[in-house]
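Only one structure is covered here, and it is reproduced in the block below.
Residue numbers start from 1 in every chain, and the chains themselves are labelled A, B, ... in the order their sequence lines are given, proteins ahead of strands.
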2 protein chains.
Amino acid sequence: MSRPIETRRPLTLRDVSEASGVSEMTVSRVLRNRGDVSDATREKVLQAAKALGYVPNKIAGALASQRVNLVAVIIPSLSNLVFPKVLSSVSDELEDTGLQPVVGVTNYSPEKEEQVLYEMLSWRPSGVIIAGVEHTPASRAMLQNAGIPVVEIMDVDGEGIDSVVGISHRRAGLHMAEAIIAAGYRKIGFLGTKMPEDHRARKRLEGFKEGLAKAGIELADTEFYAGGSALAKGREMTETMLKRSPDLDFLYYSNDMIGAGGLLWCLDNGIDVPGKMGLAGFNGLELLDGLSVRLATMNACRAEIGRKAAQIISGRSQSGMIGGEVIELEPTLDPGDTIRKR
Amino acid sequence: MSRPIETRRPLTLRDVSEASGVSEMTVSRVLRNRGDVSDATREKVLQAAKALGYVPNKIAGALASQRVNLVAVIIPSLSNLVFPKVLSSVSDELEDTGLQPVVGVTNYSPEKEEQVLYEMLSWRPSGVIIAGVEHTPASRAMLQNAGIPVVEIMDVDGEGIDSVVGISHRRAGLHMAEAIIAAGYRKIGFLGTKMPEDHRARKRLEGFKEGLAKAGIELADTEFYAGGSALAKGREMTETMLKRSPDLDFLYYSNDMIGAGGLLWCLDNGIDVPGKMGLAGFNGLELLDGLSVRLATMNACRAEIGRKAAQIISGRSQSGMIGGEVIELEPTLDPGDTIRKR
DNA sequence: GCCAAGTATGTTAGCGTTAACGGTTGTAGG
DNA sequence: CCTACAACCGTTAACGCTAACATACTTGGC
């Protein structure tokens with residue numbers, strides 16, 4: 001049950017080569033399916049490798065070949081559903097390219113991002129996919145100097161380093177404002193996260209305010225939270241806000257989870273949704289598909305973003321560009337059941 | 001905006017050494033904070049490295065030193081909340097050990113697990129944390145031969161390879177059965193995933209049946225699903241099952257998400273919970289804290305599991321053992337609002 | 001003033017693999 | 001029978017870094 005204490009020397013190509021009676025080079029060729037090897041020797045080598053339980057050393061291989069099959073994927077968090085989704089679409093798209101994603105998490109901290117980036121670049125990946133276009137100067141410099149394709153994802157509002165794939169959160173907020181106003185709501189509250197480093201949420205709010213301003217409307221109330229279960233926070237904040245501003249007729253949430261919390265609170269309290277009170281979130285989380293009342297939301301194209309980013313890194317992008325590609329996707333509004341139809 | 005085409009030679013220690021007028025070795029020492037270097041040269045070197053934008057090459061470093069600061073973490077999925085939780089607690093615990101987790105995802109496929117393991121071991125990590133105790137013979141062999149600490153997590157029901165940290169899902173199911181029976185429920189249905197490879201869900205069900213059997217009760221009905229939004233599936237399955245077996249008085253769900261879906265369906269349909277109908281899930285997802293009715297569940301100790309596993313890998317385990325450690329944690333029942341009190 | 005014991009740096013030899021090239025054999029075509 | 005060329009396999013020299021040892025220069029104790 002316990003792992004053996006004995007420190008027998010780790011296996012190398014040489015061991016396989018000796019066991020199969022061919023040169024190390026030939027073993028290497030067999031194991032990589034590269035170059036010409038006769039079926040007979042191939043078989044011999046594979047057998048020996050298997051019998052010994054040999055696992056190639058990619059560290060040495062990467063050093064010698066100057067090639068690494070890793071792609072760094074740097075995201076702020078794994079604990080909400082949005083980034084895992086992107087990640088899995090990256091992963092799927094990379095599936096048979098020989099490339100492998102490696103994840104780093106920054107917790108929305110620019111300093112942590114810098115550290116994670118440094119750490120990852122020191123493994124010389126063949127590409128970087130990184131969330132957001134805001135980075136410390138040092139991070140930008142590292143990305144620029146790395147000499148590898150870089151794709152900044154999620155957000156196109158800003159100056160990219162190399163390629164960019166995402167949506168305009170500013171315009172997403174703006175469109176949501178327009179839709180809400182078109183539906184006849186006028187006293188609008190905003191509920192979001194207390195995270196100065198969540199630039200995308202910030203841009204949505206800015207765009208949202210801009211959209212309201214065009215119609216001569218100002219945000220009637222705002223409420224922010226940090227930490228805790230988003231669903232519960234959505235509840236609490238909604239209660240707080242509606243106690244404070246009972247005349248509101250719409251609540252815009254910075255994400256679907258707190259939106260769902262708010263929705264549940266409204267339903268529990270017999271509030272007429274969407275008649276007296278409209279609600280909307282952001283992200284298009286399919287996690288929430290099972291709610292009896294579907295929350296209005298905006299699809300953030302997460303899967304598509306991951307896919308496109310992976311294509312750019314793997315050189316399979318449609319465009320055939322060699323870098324500097326900017327792809328802006330169009331988020332679609334899903335009015336669900338919480339915005340009244342006109 | 002586009003990354004430079006120019007292929008200037010990548011920076012090496014030699015570049016920094018030339019720029020700062022000392023040997024490569026001294027630069028190496030400075031950059032790793034190892035050995036004696038005078039403050040003056042240290043400063044000189046750091047400045048040169050920064051100016052050049054040098055990022056060390058860990059591939060070469062690892063090959064030379066035969067040390068790699070990576071810990072492979074192999075899990076079935078990132079798209080439910082349970083593994084990200086474990087992952088982040090591993091990550092936190094490893095924070096200042098110099099070790100870095102690297103994630104691999106198997107999608108509950110033993111073959112994929114084998115591939116991912118092979119790939120990861122080829123980078124010669126200094127430890128492996130892997131979900132479950134069921135692996136292909138080849139995977140087991142690789143883990144045994146790797147000569148590094150291995151921690152199998154989540155599940156202690158089975159034969160481990162080296163160290164094991166988890167709970168007994170069999171006993172978790174059994175305890176849930178006992179609690180349900182003690183609360184007076186008798187006609188019990190089970191709703192779960194159609195995943196033969198989810199051994200933990202299977203063991204919970206087995207333990208659950210065993211618990212019922214002790215009281216002379218059999219499962220009255222079962223329903224399974226695959227794919228889709230768990231919340232929505234929970235709804236659908238609940239409806240299906242209650243149409244088919246209207247006399248049921250308890251529904252046991254294999255996870256909290258489908259449980260929550262079922263709970264919402266019951267509430268929407270005016271079913272008296274927990275009076276006429278009891279419900280329970282599994283996992284203790286804090287995500288669901290915001291529901292108006294708290295689903296009965298069982299805490300799977302996810303954070304604790306991640307922490308202990310990381311401690312074993314980093315050699316900071318309390319026990320001081322050198323491997324072969326088995327830690328069984330005790331899941332706690334949270335009756336929530338969906339099991340009636342006696 | 002000389003030796004012991006640091007302190008600060010440099011030198012050498014790999015780490016395990018692969019790129020690049022070289023050699024040997026076999027085989028077809030003239 | 002000789003050339004041309006392919007198929008197969010081996011040899012050599014890196015890749016960029018660090019362990020281990022070697023070397024110079026200091027310091028202080030007696």
Side-chain angles (χ1 to χ4, degrees), chain A residues 7-46 48-49 52-70 98 119 121-126 146-147, chain B residues 7-46 48-49 52 54-69 98 119 121-126 146-147:
Chain A
T7 304
R8 70 175 177 303
R9 193 177 43 74
L11 292 170
T12 73
L13 270 190
R14 150 147 273 129
D15 296 293
V16 184
S17 115
E18 283 171 358
S20 53
V22 299
S23 74
E24 299 176 35
M25 196 59 224
T26 301
V27 177
S28 172
R29 278 194 268 254
V30 170
L31 264 25
R32 288 178 300 144
N33 276 317
R34 215 157 292 248
D36 299 316
V37 183
S38 73
D39 288 347
T41 37
R42 170 182 311 280
E43 208 44 50
K44 231 177 6 184
V45 168
L46 285 176
L52 291 172
Y54 173 71
V55 177
N57 185 331
K58 287 218 180 190
I59 295 176
L63 185 61
S65 69
Q66 303 285 63
R67 264 174 297 149
V68 180
N69 70 333
L70 303 176
E119 175 78 18
L121 289 180
S122 74
W123 287 101
R124 301 290 188 264
S126 27
Chain B
T7 304
R8 70 175 177 299
R9 194 177 44 73
L11 292 170
T12 73
L13 269 190
R14 149 148 273 126
D15 297 293
V16 183
S17 115
E18 282 170 359
S20 52
V22 298
S23 73
E24 299 176 36
M25 196 60 224
T26 301
V27 177
S28 170
R29 277 193 268 253
V30 170
L31 263 26
R32 288 179 301 146
N33 275 318
R34 215 156 291 243
D36 299 315
V37 183
S38 73
D39 288 346
T41 39
R42 168 182 313 279
E43 208 44 51
K44 234 181 359 186
V45 168
L46 285 177
L52 291 172
Y54 174 72
V55 177
N57 185 331
K58 287 217 180 189
I59 296 176
L63 185 61
S65 68
Q66 302 286 60
R67 264 175 296 148
V68 180
N69 70 333
E119 174 78 18
L121 288 181
S122 74
W123 287 101
R124 301 291 188 265
S126 29

Separation of atom [atom1] in [X] from atom [atom2] in [N], rounded to whole Å:
| X | N | atom1 | atom2 | answer |
| --- | --- | --- | --- | --- |
| B:Arg29 | C:dT11 | CZ | C1' | 11 Å |
| A:Leu31 | C:dT17 | CG | C1' | 11 Å |
| B:Leu13 | C:dT11 | CG | P | 15 Å |

Notebook entry, point to check: Under the 3.5 angstrom rule, does the side chain of A:Ser17 hit a backbone N or O of A:Val22 as a donor-acceptor pair?
Noted result: yes
Next item on the list: Indicate yes or no for a side-chain donor-acceptor contact from A:Ser20 to the backbone of A:Ala48 under 3.5 Å, with no hydrogens or angles considered.
Entry: no
Item checked: Verdict with reasoning, B:Val16 to B:Leu11, per side chain to side chain contact (heavy atoms under 4.5 Å, CB included) -> CA-CA 8 Å; B:Val16 183; B:Leu11 292 170; 6.0 Å; no
Next item on the list: Determine whether A:Val30 and A:Lys44 make a side-chain contact, defined as any pair of heavy atoms from C-beta on separated by less than 4.5 Å.
Entry: no
Notebook entry, point to check: Does A:Val27 reach the side chain of A:Tyr54, with side-chain heavy atoms less than 4.5 Å apart?
Noted result: no
Next item on the list: Kindly state which residues belonging to residues 56-67 of chain A come within less than 4.0 angstrom of DNA chain C, counting heavy atoms of the residue only, listed by number.
Entry: A:Asn57, A:Ala60, A:Gly61, A:Ala64, A:Ser65, A:Arg67
Note to self: Quick check on contacts: within residues 32-43 of chain B, what sits under 4.0 Å from DNA chain C by heavy-atom distance?
What the structure shows: B:Asp36, B:Val37, B:Ser38, B:Thr41
Next item on the list: Apply salt bridge (Lys or Arg N to Asp or Glu O under 4.0 Å) to B:Arg9 and B:Asp15, showing your working.
Entry: CA-CA 10 Å; B:Arg9 194 177 44 73; B:Asp15 297 293; 3.0 Å; yes
Check: So where does chain A start and stop touching DNA chain D, 5' to 3', when the test is distance under 4.0 Å to a non-hydrogen atom?
Finding: D:dC8 to D:dG16
Next item on the list: Give a yes-or-no answer on whether the side chains of A:Ser38 and A:Arg42 include a donor-acceptor pair shorter than 3.5 Å.
Entry: no
Next item on the list: Verify the neighbour count for atom CZ of B:Arg32: are there more than 12 heavy atoms of other residues, nucleotides or ligands below 6.0 Å?
Entry: yes
Notebook entry, point to check: Between A:Ala146 and A:Leu121, which heavy-atom pair has the shortest distance, and what is it?
Noted result: CB-CD2, 4.1 Å
Next item on the list: Locate the shortest heavy-atom distance separating A:Leu13 from A:Glu24; write the atom from each residue and the value.
Entry: CD1-O, 3.8 Å
